[in-house]
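Here is the structure we will look at, set down as structure tokens.
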There are 2 protein chains.
Amino acid sequence: MKWGELEDEPCSMARTIGVIGDRWTLLILRECFLRTRRFEGFQSSLGITRHLLAERLKKLVRQGVLRRIPYQDSPKRHEYILTQKGLDLYPIMMAIVHWGDTHMVDIRGRPLLHQHRKCGKDFDPVMVCSECGEPLLAKEVHTHPGPGARRTPASAAPEKPKAKTEAKARTKAKTKATTRRRAA
Amino acid sequence: MKWGELEDEPCSMARTIGVIGDRWTLLILRECFLRTRRFEGFQSSLGITRHLLAERLKKLVRQGVLRRIPYQDSPKRHEYILTQKGLDLYPIMMAIVHWGDTHMVDIRGRPLLHQHRKCGKDFDPVMVCSECGEPLLAKEVHTHPGPGARRTPASAAPEKPKAKTEAKARTKAKTKATTRRRAA
DNA sequence: ATTGACAGTTCGTTTTTAGAACTGTATGAA
DNA sequence: TTCATACAGTTCTAAAAACGAACTGTCAAT
């Protein structure tokens, strides 16, 4: 499986990983949420090579996560700012930070604290069920196939017939579609 | 910044990325949460090269995310199962899946649905404030330095004096430590 | 006229990954 | 007994990606 193929997998996680699943992209997005907007800003705070930075920014723009907006003409200069799609990555960022805060801090404690403007307190992010509001535990969640489960819905792409090593035993997800989704 | 250096950054996000921030590791963890436990299981469902799989599993075990448990002798065989530290990655996984469900699905809809055993309903994960329970919006959160903010607390590691390109303008985070953390 | 900020691009070298084959133990079938 | 298969890796070479440093080009300030 190459980088580019991830977006085609019948798995929301694989698709998302295809967009943000590499270390630099994640760090660039961290900077975005910390209000960095310009090329030099990203470059100097991350120490990423300029080459890669340019490429990653391009990709994020292509994916609709960032928007490239001119902030001056001559020389043309642009800022990279989060779109709504990009802002929606916030829970992912917070979940990542929180895990680090819980499992990767040294004795000195957390590098950053987060204050919630609404209530004024420093907080931790907690993931809850949209239906009942209870905190989510992995063992209390049952995963089952949805309408977009199989790679091809018995039509679409003919699944290029490369025999090869014949990996992909992905036989789980039998396409049963017990849907009943509410608006996300 | 090389891979190995991420763990030393004064940033919970960078540290976490140092552990799980590459596409294969994330996909391996997805499989773990879907109950895959053995080498062949990971290999065939992901199509990852055996070489990389072995390496990634080793790293996850080293990091305490997975535990390697023998399930038979002769030939010695082991299963890889999530530790508590690993299970704690669940919110990250769910946040990633949810973003994909929101922004990366085709017309057919979601590949997987998640049912909450507690309430019986299919749900979406929602991230809320631990203090007031309100859903978190990026713009309502103010980030400020915590006790572990600077790379060195004015003692510890002497910050190897390589002049080099002198990146790392990370001058934000002035170390003020307004702590008042509650148990996470 | 020179320097510096800014946003890239180019290019040669080093690291990682991909891909495929090989190792070694053991079970079941012929 | 011999052969095939399952399983969990390891080894090796080629290809892809990342690194590092320098270079391009526009403009402002000195």
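Throughout, a chain's letter reflects where its sequence line sits, starting with A, and its residues are numbered from 1.
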How many Å lie between [atom1] on [X] and [atom2] on [N], as a whole number?
X: L27(A); N: dA18(D); atom1: CG; atom2: C1'; answer: 14 Å
X: I48(A); N: dA7(C); atom1: CD1; atom2: C1'; answer: 14 Å
X: R77(A); N: dT26(D); atom1: CZ; atom2: P; answer: 11 Å
X: L52(B); N: dT15(C); atom1: CG; atom2: C1'; answer: 12 Å
X: H51(A); N: dT14(C); atom1: NE2; atom2: P; answer: 17 Å
X: D22(B); N: dA17(D); atom1: CG; atom2: P; answer: 15 Å

Quick check against the 3.5 Å criterion: does [X] have a side-chain atom that pairs as donor or acceptor with the backbone of [Y]?
X: R110(B); Y: G148(A); result: no
X: T25(A); Y: G21(A); result: no
X: E79(A); Y: R68(A); result: no

Side-chain N or O of [X] less than 4.0 angstrom from OP1 or OP2 on [N]?
X: K58(B); N: dT10(D); value: yes
X: W24(B); N: dT16(C); value: no
X: R56(A); N: dA18(D); value: yes
X: K59(A); N: dA17(D); value: no

Inset, instruction - Just call it for F42(B): base, sugar-phosphate, or nothing, with non-hydrogen atoms closer than 4.0 Å on any strand. - result: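 Answer is nothing: F42(B) stays at 4.0 Å or more from every strand.
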Inset, instruction - Report yes or no: is there a donor-acceptor pair, N or O only, under 3.5 Å between the side chain of R50(B) and the base of dA20(C)? - result: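 When only heavy-atom distances are counted, R50(B) does not reach the base of dA20(C) through any donor-acceptor pair under 3.5 Å.
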Which atom pairs, donor and acceptor, lie under 3.5 Å between side-chain atoms of residues 85-96 of chain B and protein residues at least two apart or in another chain?
| from | atom 1 | to | atom 2 | distance (Å) |
| --- | --- | --- | --- | --- |
| K85(B) | NZ | Q63(B) | O | 2.8 |
| D88(B) | OD1 | Q84(B) | NE2 | 2.9 |
| D88(B) | OD2 | H103(A) | NE2 | 2.7 |

Inset, instruction - Return the set of residues passing salt bridge (charged side-chain N to carboxylate O under 4.0 Å, His left out) with K76(A) (not counting sequence neighbours), or none when no residue passes. - result: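 Testing K76(A) for salt bridge (charged side-chain N to carboxylate O under 4.0 Å, His left out), a comparison that skips the adjacent residues, returns D73(A).
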Inset, instruction - Kindly indicate whether the side chain of L112(B), heavy atoms from C-beta on, has any atom under 4.5 Å from the side chain of M13(A). - result: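 Answer no - side chains too far apart.
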Inset, instruction - Taking the side chain as every heavy atom from C-beta outward, state whether Y71(A) and R38(A) have any atom pair closer than 4.5 Å. - result: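 Yes; the side chains approach each other to less than 4.5 Å.
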Legend entry - Residues in contact with DNA chain D, drawn from residues 64-76 of chain B - heavy-atom cutoff 4.0 Å: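 Of all residues in residues 64-76 of chain B, the ones placing a heavy atom under 4.0 Å from DNA chain D are R68(B), Y71(B).
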